Amino acid sequence: MNDGRGPADMGQTELHYTPARRSSRRSSGGWLKGVVALAVVGIAVAGFFLWPVNMAKAIEKGMAAQKAAESMLAQGKMTMTMDIGMGEQKMDMPMNIVVAKPNKVAMSMGDGKGPFSVRMVCDGTNLYMDIPMLGKVIQAPAPKTLEEMSKSQFSSGMMGMGAGGGSGLMPGQMTKEDIASIKSGLPKGSDWYKTLERPDGTRAATITTKDGTTLAAWLDPSTGLVYQVAMDMNGDTMKKAAAKSDPKGAKALGDLNMKMRILVKFDKLELNGKTTADQFKFSTSGKQVKKVKSLDDLKNPAVLLGR
């Protein structure tokens with residue numbers, strides 16, 4: 001698979017012959033327009049293949065745009081493939097995200113019934129995580145800002161990182177401070193990345209975070225916005241990443257004989273789109289609610305399990 005991509009259809013440029021009986025001024029004008037047109041096309045093609053010289057700057061541009069935006073709407077799908085020594089299991093889960101400053105979020109993953117389905121809503125006062133697998137809703141005081149929320153243990157699991165720890169796959173969650181390095185092209189060591197379809201108009205980059213997580217990101221070169229992210233993890237890589245963010249939690253993983261591949265693709269990603277108050281409403285009626293004093297309480301798995 002090639003990380004560079006030329007225009008899907010260059011089309012054909014039609015050159016018109018100017019009859020000799022026309023004046024020399026009109027003839028030279030026609031040739032000049034043709035030369036200029038060819039030059040513009042040539043520059044555009046060359047620019048497409050040579051850009052970007054610095055993928056890090058492109059991604060930083062996208063992150064800055066998301067941070068500055070008053071709202072963000074995203075729709076897509078997460079595909080998770082997992083093998084814990086009992087055969088490979090694959091799950092496709094639709095995803096919807098609505099974010100509005102200063103601290104409102106409505107996010108859902110899955111159909112609301114499956115084991116990995118989760119819904120998270122922050123109405124500005126309280127933050128709720130509805131986890132059907134646990135049969136309960138976790139309620140915590142709302143963080144004051146989206147940045148505070150994205151750094152919390154509460155949202156890191158929701159953001160698709162599983163046991164790997166670290167900053168996640170969702171748009172707007174990762175910041176410049178989380179990143180150790182950015183390189184053009186796909187991560188080395190796994191041919192799986194090469195089998196993935198690249199969204200139109202994007203280019204691939206390898207991002208390594210400071211907690212040791214490596215992921216592939218496909219971004220729009222002109223905006224820096226990321227439309228697809230993939231991670232290929234095993235027990236060792238999960239434990240190493242978790243050890244940097246939560247050493248005690250990493251030890252609790254023990255011998256983790258697991259392989260996990262996560263692919264997140266967004267078909268829609270809109271900054272400064274319109275949001276409504278109804279999108280951030282959550283009802284606890286008929287649900288078992290577990291209240292915690294702060295998001296830090298969720299670093300203890302026993303809190304989630306109700307012990």
Side-chain angles (χ1 to χ4, degrees), residues 70-74 78 80 91 93-175 178 211 238 241-242 244-253 264 275-307:
E70 291 298 316
S71 66
M72 181 183 71
L73 297 88
M78 171 184 282
M80 180 185 296
M91 293 158 285
M93 295 171 282
M95 301 184 63
N96 287 280
I97 304 172
V98 182
V99 177
K101 284 184 175 179
N103 64 343
K104 292 185 177 181
V105 171
M107 177 176 173
S108 63
M109 180 172 68
D111 59 6
K113 300 177 182 179
F116 289 94
S117 293
V118 182
R119 184 184 177 206
M120 184 171 75
V121 176
C122 184
D123 59 14
T125 302
N126 291 300
L127 190 151
Y128 306 91
M129 182 181 284
D130 190 354
I131 311 174
M133 181 172 61
L134 299 180
K136 68 183 67 177
V137 173
I138 305 297
Q139 178 181 331
K144 295 180 180 180
T145 64
L146 296 171
E147 288 81 3
E148 181 183 340
M149 188 183 307
S150 70
K151 296 300 180 184
S152 71
Q153 182 73 15
F154 198 100
S155 66
S156 63
M158 178 66 179
M159 297 306 182
M161 294 301 295
S167 295
L169 303 171
M170 304 307 166
Q173 190 188 19
M174 189 176 291
T175 66
D178 298 316
D211 65 11
M238 290 180 194
K244 294 191 177 182
S245 58
D246 185 5
K248 291 183 179 179
K251 288 183 179 179
L253 293 175
V264 177
T275 63
T276 65
D278 287 343
Q279 290 174 306
F280 304 107
K281 287 183 178 179
F282 184 86
S283 175
T284 59
S285 177
K287 299 178 183 292
Q288 180 185 348
V289 179
K290 170 69 177 180
K291 294 184 179 181
V292 296
K293 294 181 179 180
S294 75
L295 301 185
D296 289 338
D297 292 341
L298 297 172
K299 291 180 179 180
N300 182 0
V303 173
L304 288 175
L305 296 174
R307 294 198 290 267

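Values reported hereafter were calculated over all heavy atoms of this structure, with side chains retained and with hydrogens, waters and symmetry mates removed. All figures in this text were calculated on a predicted structure; none of them were measured in a lab.
The minimum heavy-atom distance between Asn126 and Pro141, with the atom names listed, is OD1-CA, 4.3 Å. Taking every heavy atom of both residues into account, Val121 and Phe280 meet most closely at CG1-O, 3.5 Å. Across all non-hydrogen atoms, the minimal contact from Asp123 to Thr125 is OD1-N, 2.8 Å. Counting all heavy atoms, side chain and backbone alike, Lys136 lies closest to Asp130 at O-OD1, 3.9 Å. Lys104 and Leu146 make their closest contact through O-CD2, 3.9 Å (heavy atoms, listed as atom of the first residue, atom of the second, distance). In plain terms, the two heavy atoms of Ser117 and Pro132 that are nearest each other are O-CD, 3.2 Å.
Distance NZ/Lys290 to CE/Met129: 15.0 Å, rounded to 0.5 Å. In this structure, CZ in Phe282 is found 5.5 Å from NZ in Lys287, a value given to the nearest 0.5 Å. In this structure, the separation between OG1 on Thr284 and NZ on Lys291 is 8.0 Å, given to the nearest 0.5 Å. In this structure, CE on Met78 lies 4.5 Å from CE on Met95, to the nearest 0.5 angstrom.
The salt bridge (charged side-chain N to carboxylate O under 4.0 Å, His left out) check on Lys144 picks up nothing, with sequence neighbours excluded. Partners of Thr276 according to the side chain to side chain contact (heavy atoms under 4.5 Å, CB included) rule, which considers only residues two or more places apart in sequence or in another chain, are Asp278, Gln279.
Distance alone, capped at 3.5 Å, is enough to place a donor-acceptor pair between the Asn103 side chain and the Pro143 backbone.
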